[in-house]
Amino acid sequence: MHVRCAVLQLILGAAFCCVTADYVVAKPNIVFIMADDLGWSDTSNSLTNLGNPSDFYETPVIDRLASEGMAFTNAYTNGPNCAPTRSAILTGQYAPRPTNNVYLVNNLDRGGSGTLLVGPSQGLPTGTDAIPTHAFTLGEMLQSANYTTSHYGKFHVTETGTSGAALITSDHGFDQNFGGTTAGNPGSYHSNGTNFAGEIGPELDLFAGNYTQQYVDNNIKPYAVNTSVAQIDALVGTNKHVSDAMADAAIQFMEQEKSGSFYVQFHPYAVHTPIGNNQARDDLLHKYQNKPDGVQDSNASFAALIEGMDQSVARLINYLETTPDPNNPGSMLDDNTIVFFFSDNGGALPQSNNGPLKGRKGEFDEGGIRVPLIAWSGNPNLVDGGTVNSTPVAGIDFYKTFAALSEAGDPTGVTLDGEDISGILADNNAVLGRDGLYWHLPGYLIGSGRDQRPQTVVRSGKWKLMYNYEDQSYELYDLDADISESTDVTDANPTVVADLGDKMLNWLDEVDAPLATLRSGQLRINATGPIYSNGAITTPDGPLTINAGEEVPYVLGGALSLADLNRDAQISLADWLMFRSGQSTDLTGMTSLEAFQKGDLDGDLDNDLTDFVLFKQAYESATGGGSFETLLSVPEPAGLSTVLTILAIRGSFPWPRSPPWAGVERSMSTARP
C-alpha cells in the first residue's frame with residue numbers, strides 16, 4: 001500500500017521519496033516508448049486527441065494507458081520529422097543549439113534548385129543529420145545517476161556507418177543497444193529466420209528466430225483481440241516481426257536489471273514505411289482485411305503495424321505489472337516505474353490519421369508536430385492517473401523531467417531548453433511556468449504532398465504564430481477556437497502578433513539561430529522595425545537589399561502592423577487621425593482590435609506616450625524618414641484638449657492642457673519602442 005510523501009520542488013528538479021512502512025522506494029525506473037510516424041488520431045483512444053480516435057485502427061493497450069494514466073492533448077515534437085525530434089530529446093535542446101543542430105532528415109534543401117532561399121548545413125560538419133559525440137545526452141545524464149540504460153529500435157541520429165552505430169554505446173549514453181543504427185526505417189519488418197535486414201542493428205538477431213508454438217502461446221495469444229486463433233497458430237515456423245523481437249530484448253534487459261534503476265528507450269520502427277501486406281504480421285493483417293472499413297481509415301497493413309506495436313507495448317506493461325520488485329517486497333515493478341508513450345512526429349499521409357489537424361509529417365502545421373503523449377505508472381505518486389492534461393509540452397521536456405525523476409539534476413555546463421514536467425505528472429492541477437514553445441526551420445521540405453518552407457513558429461497559450469521568411473509574412477491561429485488552422489486571424493489581433501513576434505525575435509537571438517540565404521539575384525525588404533540576422537538583432541534605417549548568399553532576415557512586423565490602424569497596408573494621415581481621436585475614448589472593456597483602432601498600440605487599454613512613440617517611429621520608418629511635423633500640424637479633433645486635460649489630472653499624462661506630442665518632435669527622434 002502506498003503512503004504519499006512530499007514531492008519536493010528543488011532548484012534542480014523534483015525528488016521523489018515514496019515510503020512504505022519500513023522501506024524507501026528506489027528512484028523510479030523509466031520506460032520511454034516513442035512510435036515512429038504515429039499520427040495524432042492513429043490510435044483508438046479518444047483522450048489524447050480531443051475525441052478524434054481512429055475508426056479502424058485498434059490500440060487497446062495504449063487506450064488503457066491513456067485511461068489509467070495522464071493523457072496530454074497538447075503534446076508536440078520538436079521537428080516536422082523524426083531526426084530533429086530524436087536529437088532534441090537526446091540533447092534537451094532546440095535545433096539551433098550547436099550540440100543539436102538537426103532540423104530535418106537528410107538536409108535543409110529538400111525543395112529543389114528553384115527555391116527562393118538556400119538552407120544552411122546542419123548536423124555534423126559532414127552534413128550528417130546526427131548529434132556530435134561531445135553532446136551530453138539524456139542517456140549519459142541517467143548513467144551519471146547510476147541508471148543502467150538501454151536502447152531498442154530506431155536511433156537514426158548517430159554518425160553514418162557501422163562505427164556510427166557503435167557510438168550509441170560508446171559516446172551517446174547507452175549501456176546496451178538493440179537494433180539502433182543510422183537508418184531511418186527498418187528496410188524490412190521481418191527477419192529471415194536468422195537475422196534482420198541491414199538497416200536494423202545486428203544485436204536484435206539474437207531474437208530473430210522463427211515463431212514457435214510456445215512463443216505464440218505465451219507472447220501473442222494473451223494480447224490478441226478479435227484475432228483468429230487459427231491465424232495466430234499459423235505464425236508457427238514463419239519469420240519473426242521486429243516489433244516482437246524488440247519486446248523480447250527489452251523484457252530480457254528489465255529482468256536482468258530489475259534490482260537496480262533502469263532506463264528503457266523503446267523506439268519502435270513501426271509505423272514508418274515500408275508499409276504493405278508483406279510488412280505486417282499475418283494474423284493481424286488477416287484480422288484487418290476482414291474488418292469493415294472505417295469512414296476515415298481502412299489501410300489493413302498499416303493497421304496491422306499499429307496493433308503489432310501496441311501488442312509489444314502490452315508485453316512491457318504486463319512484465320512490469322506481474323514481476324515482483326526485489327527492492328520492495330510486496331510490490332510489483334510497475335509500482336516504481338514510470339512509462340511514457342509518444343510519437344516522433346505527426347502522421348504521414350495518406351495512411352495516417354491526424355484527425356482535424358491541418359498538415360502532415362514534414363510540416364509545422366499541427367498535423368506535423370502535434371502527437372499523442374501518455375504518462376502511466378502503477379504508482380499514483382508518480383502519475384496522477386485517470387486525468388487529461390491540456391498543458392503544451394514537447395520532446396525537449398523529457399530531458400529535464402528524467403533528470404528530476406532520477407535525481408540526477410540538471411548537468412553542469414549544459415544548456416537545456418525544456419521544462420521539468422514531473423510536477424504536472426504528479427499533480428494534474430499543477431501549472432508549468434513557460435510562456436512559449438518554438439520551432440525553427442531555415443530550409444525546405446517540399447514534395448510528396450508536403451510544402452514546408454523556411455519558418456519560425458511559436459506556440460503560446462492558445463495562440464500559434466508562424467513567420468514565413470520568403471515574404472516576411474505572419475500567420476496567427478487561435479488553436480482553442482480553430483484547431484484545424486483554417487482561419488488566419490493576424491489582422492484581428494495586432495497586439496498578439498506584435499507580442500509573439502517580439503518573443504520570436506528574441507528567441508532567435510537567444511539560440512543564435514542560422515537563417516536561410518538568398519539563392520540568387522537581389523531581394524528588397526521593407527524593414528519597418530528590428531530585424532534578426534547573422535546572429536544579432538539590429539534596427540535598419542530603412543528598406544534592405546539582400547544579395548545572393550546573404551541571410552534573409554527575420555523582420556519584426558510589429559511597428560508597421562501596430563500603426564496601420566485602418567489596415568490599408570500604409571501609415572498615413574488617416575491612421576494619425578484615428579490615433580488622435582482615440583484620446584477621447586475610454587478603452588476599457590474593448591476587444592484588443594477595438595482598442596487598437598483607438599490608438600492602443602501596446603495593448604494596455606490606454607492611449608498614452610508609449611503608443612505615441614510607437615506610432616511616430618512606424619510612420620517615419622514606413623515613409624522613409626518622412627517628417628512627422630506634417631502630421632503634428634493637422635488641427636486637433638474637436639474636444640481633444642479637454643480630454644487630455646482630464647487625462648493629465650488622472651495621471652495618464654504629465655503634460656497638462658497640451659497634447660503629449662507637443663514640442664517633442666526633436667526629442668523623440670532617437671527613441672525606440
Side-chain angles (χ1 to χ4, degrees), residues 33 35-36 38 42-44 56-62 64 152-154 178-179 185-253 255 266-291 298-319 322 351:
I33 305 165
D36 193 3
L38 189 74
D42 276 340
T43 67
S44 50
F56 187 69
Y57 310 143
E58 297 179 23
T59 52
V61 176
I62 293 171
R64 177 196 155 198
Y152 304 86
K154 180 173 173 177
F178 286 89
N185 68 74
S188 172
Y189 276 93
H190 289 282
S191 75
N192 61 13
T194 303
N195 58 272
F196 287 98
E199 288 83 351
I200 299 173
E203 301 83 5
L204 272 177
D205 291 347
L206 180 64
F207 307 93
N210 290 344
Y211 291 109
T212 65
Q213 187 66 56
Q214 181 181 17
Y215 187 96
V216 299
D217 288 344
N218 294 339
N219 300 313
I220 295 181
K221 287 180 181 178
Y223 310 102
V225 178
N226 298 324
T227 306
S228 164
V229 173
Q231 287 294 325
I232 296 175
D233 286 336
L235 292 174
V236 175
T238 66
N239 295 338
K240 180 79 69 69
H241 198 277
V242 70
S243 293
D244 295 324
M246 285 177 54
D248 297 340
I251 290 171
Q252 175 179 282
F253 168 80
E255 178 65 21
F266 192 83
H267 289 184
Y269 287 102
V271 288
H272 197 289
T273 54
I275 297 168
N277 291 352
N278 60 334
Q279 305 299 334
R281 210 175 67 199
D282 283 347
D283 60 316
L284 292 172
L285 178 64
H286 183 269
K287 168 184 174 176
Y288 285 101
Q289 286 177 331
N290 288 278
K291 179 179 178 178
S298 59
N299 189 320
S301 57
F302 188 64
L305 286 178
I306 291 176
E307 188 169 354
M309 182 263 297
D310 184 82
Q311 288 186 9
S312 67
V313 173
R315 291 180 59 198
L316 302 188
I317 299 301
N318 179 70
Y319 174 81
T322 59
Q351 65 269 14

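Remember, it's a predicted structure, so these values are computed and weren't measured experimentally. Computed over heavy atoms, backbone and side chain alike; hydrogens, waters and symmetry mates excluded.
In this structure, CG in Leu305 is found 12.5 Å from CG in Asp310, a value given to the nearest 0.5 Å. Separation of atoms OG (Ser191) and CG (Asp205) is listed at 8.5 Å; rounding is to 0.5 Å. Ser312 contributes atom OG, which lies 11.5 Å from atom CG of Asn219 (distance to the nearest 0.5 angstrom). Atom-to-atom distance recorded for Thr227:OG1 and Asp283:CG is 6.0 Å, nearest 0.5 angstrom. Note that CG of Asp217 and CD1 of Ile232 are 9.5 Å apart. Values are rounded to the nearest 0.5 Å. Asp244 contributes atom CG, which lies 5.0 Å from atom CZ of Arg281 (distance to the nearest 0.5 angstrom).
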Would you check, one step at a time, whether the test side chain to side chain contact (heavy atoms under 4.5 Å, CB included) holds for Asp42 with Gln351? CA-CA 9 Å; Asp42 276 340; Gln351 65 269 14; over 6 Å; no

From CA spacing to verdict: side chain to side chain contact (heavy atoms under 4.5 Å, CB included), Tyr189, His272: CA-CA 10 Å; Tyr189 276 93; His272 197 289; 4.3 Å; yes

Side chain to side chain contact (heavy atoms under 4.5 Å, CB included) between Tyr269 and Asp36, worked out: CA-CA 6 Å; Tyr269 287 102; Asp36 193 3; 5.6 Å; no

Asn277 vs Gln289, test: side chain to side chain contact (heavy atoms under 4.5 Å, CB included). Steps then yes/no. CA-CA 10 Å; Asn277 291 352; Gln289 286 177 331; 3.6 Å; yes

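At least one cation-pi condition fails for Lys240 and Phe207: the charged atom is not both under 6.0 angstrom from the six-membered ring centre and inside a 45 degree cone around its axis.
Side chains of Gln279 and Thr273 form no contact here, defined as non-hydrogen atoms less than 4.5 Å apart. The closest side-chain heavy-atom distance from Ile251 to Leu316 is below 4.5 Å. Asn195 is not listed as a side-chain neighbour of Pro202, based on a closest heavy-atom distance of 4.5 Å or more.
Considering every non-hydrogen atom in both Asp282 and Gln231, the closest pair reads O-OE1, 4.3 Å. Residues Ala245 and Phe196 approach most closely at CB-CZ, 3.6 Å, considering heavy atoms. Minimum interatomic distance between Tyr211 and Leu235 (heavy atoms only, all atoms of both residues): CB-O, 3.4 Å. Minimum heavy-atom separation, Asn210 to Gly193: OD1-CA, 3.1 Å. Heavy-atom minimum distance, Ser188 versus Ile200: O-CD1, 3.7 Å. Nearest heavy atoms, Ile275 versus Ser301: CG2-OG, 3.6 Å.
Phe302 has its ring centre less than 6.0 Å from the ring centre of Tyr57.
No option in Leu284, Val61, Ile306 other than Leu284 meets the side-chain contact (heavy atoms from CB on, under 4.5 Å) test with Gln311.
Note on ring orientation: taking the six-membered ring where Trp is involved, the planes of His241 and His190 are perpendicular (angle over 60°, cut-offs 30° and 60°).
Without hydrogens or angle criteria, Asn290 side chain to His286 main chain gives a donor-acceptor distance under 3.5 Å.
Every residue two or more places apart in sequence or in another chain that forms a salt bridge (charged side-chain N to carboxylate O under 4.0 Å, His left out) with Lys287 is listed here: Glu58, Glu307.
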